[in-house]
Amino acid sequence: MSAGLSGTVGTAGAVGSGTTPAVTLGTGDLAPVFVRLKLSLLRNGLRQSSGRTAAYVVSVVFALLIAAGQLLGLILLRGNDGAATLAVFLTGLVALGWAMLPLFFPSGDETLDPSRLVMLPLRPQALIGALLAASVVGIGPLFTLCLVLGSSIAVAHGAAAVVVSVVVVPLALLVCVALSRAVAAANIRLLTSRKGRDLAVLSGLVIAVGVQFVNFGVQRLSEAGGLSALDPVADVVRWLPPASAIGAVDSVSDGAYGPAAVQLLLSLAALAGLLYWWQRSLVKLMTAPDGSTIAAAAGPARKESASGLGRLLPEGRTGTVMRRSLLYVWRDPKTKAAWITSLAIGLIVPLVNALQGNGSIYLACFAAGMLGIQMYNQFGQDTSAFWMVALTISSTRDAYLELRARAFALLLITLPYSALVTIGTAALLGDWRALPDALGLSFALLGAMMATGAVASARFPYSIPQDSAYKNVAPGQAGLAWISILGGMLGGAVLCAPVIALTIALHVSGADAWTWVVLPTGTAYGALIAWAGIRLAAPRTASRLPEILTAVSKG
C-alpha cells in the first residue's frame, strides 16, 4: 500500500508535464503534491462507478445548500442580541464534530491516513504542513469555513473587529482541521483495529442519540423563549478554542481588547499545541513498533480459565450456551451494535418524555420491548458458524436446552435493565404508586417477546451480512426479517393482553390499592409464556436444522 502511494505521489508531482521529474519530498513543494494527490485520488475514485459519482454530487450539492443557508442566516442575524451566543455555540459544536468524526468514521478520508506514509522517505515535520494543506480540501472544510465566516460577520462591528476577523476565520478553520488530524493520528492504530471497526458500527447509534438530545435541546430553547437560555453555556464555550477566536471578534466589537487578546492567544496556542501533538503522533507512528512487528511474548501459553461471570453460570450445555451468547454481545460488532442501540433507545424514550413533563411510567415498557427484540433471529446471529451448533442438536430436548440457555443469557441483561429504567422513570415522574404494575407489565412483555422470539427464530431465520457495517439483512431476505420482527412484536403484544386487561380493570374499578398484584402476576405470566414459547419452538428447530443452516449462511 505504501509503495503504491509512493508511486502515486510521484505521479501527482508530474501532473501537467510531459516528463516525470524527481520530487524532493522534504521541501516546500510537498504541500502542493499532497493537494494534487488528494484531488487525483478523489477524481479516480469517482470514475469507478456512476452511482458513486451521483451520490457524491448529491452530497456536495446538499452540503453547499446547507452551508449557504447557514451563512445567509448568520449574516441576517447580525445585530441581534443572541447573535454572539449562537455564533460561539455553533463554532464550538462544529469543533466537537471535527474531534469526534475521526473516531467513528476512520476510513472516511483514506488519503490522509498517516499509516500509509510510514514507508516513504518523509519526515514528520515536513508532513505536517502538507497534510494540513490537503486536509482543507473537501466538503467538510468548506462547510466549516462558511459557518466560521458567517459567525464572524454576525459578531463583527467596527473596523477593528473586521481586521481581527481576517485572522480569526482561517485560524478557526485550521484549529478544527488540526484537531481532527491530531485525534486521528493519535488513535490510528486503534481505529484500524477490530475495536475501531466497532466504533464505526456504532456511529449510527451515536448520531441517533445525538439527534434525540438536539431535539430535546430545541424544545427547551422554545420553552425558554429564545437563545438567551444558551448564554451560560456560551459564556464558557467562548473561552474554549476555536470558539474563543469568534469570542475575540465579539470582544473587540464591545471594546474589550484585553479579553479579546487572551481569547485570540488561546486559539493560537491551541493550534500550536495541536500541531505539536500531531507531529509527536506521527513520529511515534513512523518509528515505534506495533503489535504486528513485535513477536508474541515468550513463555508457555496459558489455558483460558473461567473467571468472573463464567464462574456463576451453571454447568453443562446451559452454561456453555449462555457464555457463548454473552461473548457475542461483547465481541461481535453487529451483535454489540444491536444491543447498545436497544439499550440506548429503550432508556432515551421514557426518560426524555419524563424530563419533558409529558411522559408516563408505562413508557418504561419500551425498554423491555426493545431488549426483547434481541431474542429474534437467534440463529442468524451465528451466521455460517451455526453449523457447529447444529451438530450438537440431535433431538427436541437439545433444541429446547439451546433456546432456553439463549433466553437465560438475554434475561441476565434485560431483567435488571428493564427494572432500572422503570424505577428511574418513576423517580423522574414521582409516580411511585404505579411502579409495581409498570414493572409487572414490563416483565410480562419481556416474557412474551422471549416466546415469540424463539418461535420466530425457528420459523423465519435470516442471514446477517458480515461484510458491511450497515447491512443487517442479506439480499432477498428482507421479507423474512420484517415478518419475523413485526409479526413477533404484534404477537408479543397480543400475548400480554391478559396482564394489560388486569391493569386497566384495576384502575377503572378504582382498586388502586390492589395494583401491586400486577407485579407478581406479570412476572409469573411472563415466565410461563416464555417457557411455553420455547417448548413450542424446540421441535420446529430440531426438524428444520438444514433449512435454518441454509438461511443463516447466505450472508
Side-chain angles (χ1 to χ4, degrees), residues 28 31-32 34-35 63-64 66-99 128-182 234-276 278:
F34 269 73
V35 172
L64 290 178
I66 295 179
Q70 186 175 246
L71 176 61
L72 180 60
L74 287 169
I75 293 175
L76 293 176
L77 198 62
R78 179 183 172 85
N80 189 281
D81 293 337
T85 296
L86 183 61
V88 168
F89 187 78
L90 285 179
T91 305
L93 191 63
V94 168
L96 179 63
W98 275 95
I128 295 297
L131 290 175
L132 188 62
S135 299
V136 298
V137 177
I139 304 175
L142 179 59
F143 182 88
T144 305
L145 179 63
C146 291
L147 183 141
V148 175
L149 180 61
S151 298
S152 63
I153 294 175
V155 300
H157 302 281
V162 173
V163 172
V164 174
S165 297
V166 175
V167 178
V168 161
V169 171
L171 175 61
L173 175 62
L174 290 178
V175 170
C176 289
V177 174
L179 175 61
S180 176
R181 293 298 96 199
D235 290 340
V236 177
V237 176
R238 69 174 58 248
W239 294 96
L240 302 176
S244 61
I246 301 298
V249 178
D250 183 49
S251 297
V252 170
S253 299
D254 294 338
Y257 297 106
V262 175
Q263 290 170 321
L264 190 59
L265 287 175
L266 284 174
S267 291
L268 289 171
L271 178 60
L274 289 170
L275 292 177
Y276 178 74
W278 188 6

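Small disclaimer: the values here were computed from a predicted structure and weren't measured. Quick note: numbers below take in every heavy atom, side chains included, and nothing from hydrogens, waters or symmetry partners.
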> Can you tell me how far CD1 of Ile128 sits from OH of Tyr276, rounded to the nearest 0.5 angstrom?
Replying inline: 12.0 Å
>> Please evaluate residues Asn80 and Leu86 with respect to the criterion side-chain contact (heavy atoms from CB on, under 4.5 Å), reporting the C-alpha separation (whole Å), side-chain torsions for both, the decisive distance (0.1 Å), and the verdict.
In response: CA-CA 10 Å; Asn80 189 281; Leu86 183 61; over 6 Å; no
>> Test: side-chain hydrogen bond (donor to acceptor under 3.5 Å, both in side chains). Region: residues 247-256. Which pairs qualify, not counting sequence neighbours?
In response: Arg238-Asp250, Ser251-Gln263
> Closest approach of Leu179 and Ala95, non-hydrogen atoms and distance?
Replying inline: CD2-O, 3.5 Å
>> Are the side chains of Leu264 and Val252 in contact, using a 4.5 Å heavy-atom criterion?
In response: no
>> For Leu266 versus Ser244, what's the shortest heavy-atom pair and its separation?
In response: CB-OG, 4.0 Å
> For the side chain to side chain contact (heavy atoms under 4.5 Å, CB included) test, which of Ser267, Pro241, Pro242 pairs with Leu171?
Replying inline: Ser267
> If every non-hydrogen atom of Leu132 is compared with every non-hydrogen atom of Leu275, which pair is closest and at what distance?
Replying inline: CD2-CD2, 4.3 Å
> Which distance, rounded to the nearest 0.5 Å, do you find between the OG1 of Thr85 and the CG of Asp235?
Replying inline: 7.0 Å
> Atom SG in Cys146, atom CD1 in Ile66: separation rounded to 0.5 Å?
Replying inline: 11.5 Å
>> Ignoring hydrogens, what is the shortest heavy-atom contact between Ala84 and Val155? Give both atom names and the distance.
In response: CA-CG1, 3.5 Å
> How many angstroms lie between atom CZ of Phe143 and atom CG of Leu71, to the nearest 0.5 angstrom?
Replying inline: 11.0 Å
>> Return the OG1 to CG distance between Thr91 and Leu173, rounded to the nearest 0.5 Å.
In response: 11.5 Å
>> Quick test of your reading: applying side-chain hydrogen bond (donor to acceptor under 3.5 Å, both in side chains), list the pairs with at least one residue in residues 151-168, sequence neighbours left out, ordered by first then second residue.
In response: none
> What are the two closest heavy atoms between Gly92 and Val237, and how far apart are they?
Replying inline: CA-CG1, 4.2 Å
> With a 4.5 Å limit on heavy-atom distance, are the side chains of Leu174 and Val136 in contact?
Replying inline: yes
> Roughly how far, to the nearest 0.5 Å, is the CG atom of Leu149 from the CG atom of Leu142?
Replying inline: 10.5 Å
> Excluding sequence neighbours, so at least two apart, what forms side-chain hydrogen bond (donor to acceptor under 3.5 Å, both in side chains) with Thr144?
Replying inline: Trp98
> What are the two closest non-hydrogen atoms of Val236 and Leu240, and how far apart are they?
Replying inline: O-CG, 3.7 Å
> Does any N or O in the side chain of Arg78 come within less than 3.5 Å of the main-chain N or O of Ala83, such that one atom is a donor and the other an acceptor?
Replying inline: no
